Amino acid sequence: MIGSPFLAGRDRYERVMEGWVDNTHDAAFTHTVRITDPDGGVEVGLVCTPSPGYEVQAASARALSGVDPAIAADLAGLAGTRMVGGFTKRLAELCGTRPGAGLFVDAGIEVARLARQVTKLPASATAGLDPEDALACWRLDTTGWVDLPDSCFTYSEAGRALFGTRPVTTPMVAALYSPPPGARQIFTRKKVARLVLSGRRLHLFHSMHDNVHGFDLHYELDVDRGIVVAADSVTSRLPYAGICSEPQGKIRSLLDQPVDALLRKRIQTSIGGSAGCAQLYDLTSDLLKLLSIPSP
């Protein structure tokens with residue numbers, strides 16, 4: 001039977017993440033993430049270099065409520081770590097299994113995601129940028145973030161080929177590529193994950209709204225049969241509407257899927273990967289991490 005440790009003693013659980021990016025250094029950003037739920041709250045701030053380095057230069061954290069404050073002090077040990085493969089493992093090593101460790105780890109992961117939303121290109125690269133020229137923004141993306149090619153459909157060859165064949169609009173602006181010195185909150189993001197148990201159905205909700213994304217996801221699980229019986233989403237904002245829109249229908253591939261220990265692996269290709277949507281994958285994967293799934 002499908003359940004969640006976060007629903008112990010209650011039929012509703014909500015987790016809120018708020019994150020923002022400040023252009024505080026000539027060669028680095030300060031990324032701040034705050035996560036709160038009914039049991040605790042944490043805040044993590046990392047000074048990091050942009051792509052391709054993604055290196056943590058300084059780390060600070062705060063225990064807001066319900067967590068072990070010693071973890072916050074230990075996260076200073078992230079300095080010198082790169083936010084690439086192995087970063088989650090390093091976070092887990094520093095946090096251990098102390099109360100609130102999971103919130104601190106998740107906050108660090110969200111910082112790494114924020115780091116993929118802003119970069120530091122020379123001002124000359126964005127001089128005269130036409131905000132209606134979606135292809136020009138796409139080219140800046142693939143210049144500013146080395147890990148974007150084939151990270152999703154939009155940054156695949158198939159996605160690139162759609163420019164010029166249909167209307168494509170973008171909310172991208174020059175400040176995300178060449179932010180003014182000292183600019184605050186050049187990128188802001190809010191995510192809300194919610195679990196609601198209603199009879200023998202478990203509803204999973206996840207929303208994400210920021211400068212360039214607007215996602216509202218809903219899954220419904222039959223807790224007795226352990227399958228997905230509803231899967232839908234609304235995308236109110238996309239980096240490249242008309243191209244990012246293409247893989248959004250993949251969410252329906254989860255219908256009738258068994259919610260088992262391998263589901264998170266299966267969605268890497270069914271809704272993620274070079275033919276899918278990285279944000280749809282992350283939002284879904286994060287919901288699945290909140291569940292307790294029985295072993296086969």
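Since the model is a prediction, treat every value here as computed from it, not as a measurement.
- From Leu162, atom CG reaches atom OG of Ser156 across 8.0 Å, with rounding to the nearest 0.5 Å.
- Side-chain atoms of Ser285 never come within 3.5 Å of backbone atoms of Asp282 as a donor-acceptor pair (strictly under, hydrogens ignored).
- Across every non-hydrogen atom of Ile227 and Pro258, the tightest pair is CG2-CA, 4.1 Å.
- Scanning all heavy atoms of the two residues, the minimum distance from Ala72 to Ala63 falls at CB-N, 4.2 Å.
- Screening Pro50, Pro179, Pro52 for a side-chain contact (heavy atoms from CB on, under 4.5 Å) with Thr119, the sole residue that qualifies is Pro50.
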Exercise. Would Met83 and Arg116 count as a side-chain contact (heavy atoms from CB on, under 4.5 Å) if you check the C-alpha gap in whole Å, the side-chain angles of each, and the deciding distance to 0.1 Å?
Worked result: CA-CA 10 Å; Met83 296 187 297; Arg116 272 71 180 175; 4.1 Å; yes

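- A centroid separation of 6.0 Å or more is found between the aromatic rings of Phe29 and Trp20.
- From Lys190, atom NZ reaches atom CE of Met17 across 10.5 Å, with rounding to the nearest 0.5 Å.
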For this session: Given side-chain contact (heavy atoms from CB on, under 4.5 Å), test Ile71 with Val42 step by step and report yes or no.
Result: CA-CA 10 Å; Ile71 302 176; Val42 304; over 6 Å; no

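- Rounding to the nearest 0.5 Å gives a distance of 9.5 Å between CG of Leu217 and OG1 of Thr235.
- Going from atom CG of Asn23 over to atom CZ of Arg184 covers 9.0 Å, rounded to the nearest 0.5 Å.
- The two residues Ala175 and Pro180 make their nearest non-hydrogen contact at CB-CD, 4.4 Å.
- Phe205 is not connected to Val259 by any chain of hydrophobic side-chain contacts under 4.5 Å among Ile, Leu, Val, Met, Phe, Trp and Tyr, and they are in different clusters.
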For this session: Kindly indicate, with the supporting measurements, whether the criterion side-chain contact (heavy atoms from CB on, under 4.5 Å) is fulfilled by Ile267 and Leu288.
Result: CA-CA 11 Å; Ile267 66 172; Leu288 295 178; 4.0 Å; yes

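- When every heavy atom of Lys120 is checked against every heavy atom of His25, the shortest pair comes out as NZ-O, 2.9 Å.
- Put simply, CG on Leu103 and CD on Glu110 are 11.5 Å apart, with the number rounded to the nearest 0.5 Å.
- Residues meeting the side chain to side chain donor-acceptor pair (under 3.5 Å) test with Glu43, sequence neighbours left out: Arg34, Arg62.
- Summarising the geometry, atom CG belonging to Asp39 is positioned 8.0 Å from atom CZ belonging to Phe6; distances are rounded to the nearest 0.5 Å.
- A salt bridge between Asp74 and Arg98 is present, with a side-chain N of the basic residue lying under 4.0 Å from a carboxylate O of the acidic one.
- For the pair Ile251/Asp232, no side-chain contact is recorded, criterion being any heavy-atom separation below 4.5 Å from C-beta on.
- Across all non-hydrogen atoms, the minimal contact from Leu75 to Ala61 is CD1-CB, 3.8 Å.
- Taking a cutoff of 4.0 Å between a charged side-chain nitrogen and a carboxylate oxygen, Glu157 and Arg160 do not qualify as a salt bridge.
- No side-chain donor from either of Thr143 and Tyr177 sits under 3.5 Å from a side-chain acceptor of the other.
- Remark: Asp133 does not engage Arg139 in a salt bridge, criterion side-chain N to carboxylate O under 4.0 Å.
- The minimum heavy-atom distance linking Tyr13 with Pro38 is given by the pair CE1-CD, 3.7 Å.
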For this session: Start with the C-alpha gap between His206 and Thr284, add the side-chain angles, then the distance that decides, and say whether side-chain contact (heavy atoms from CB on, under 4.5 Å) holds.
Result: CA-CA 8 Å; His206 209 173; Thr284 302; over 6 Å; no

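- Between Arg113 and Asp210 there is no salt bridge, since no side-chain N of the basic residue sits under 4.0 Å from a carboxylate O of the acidic one.
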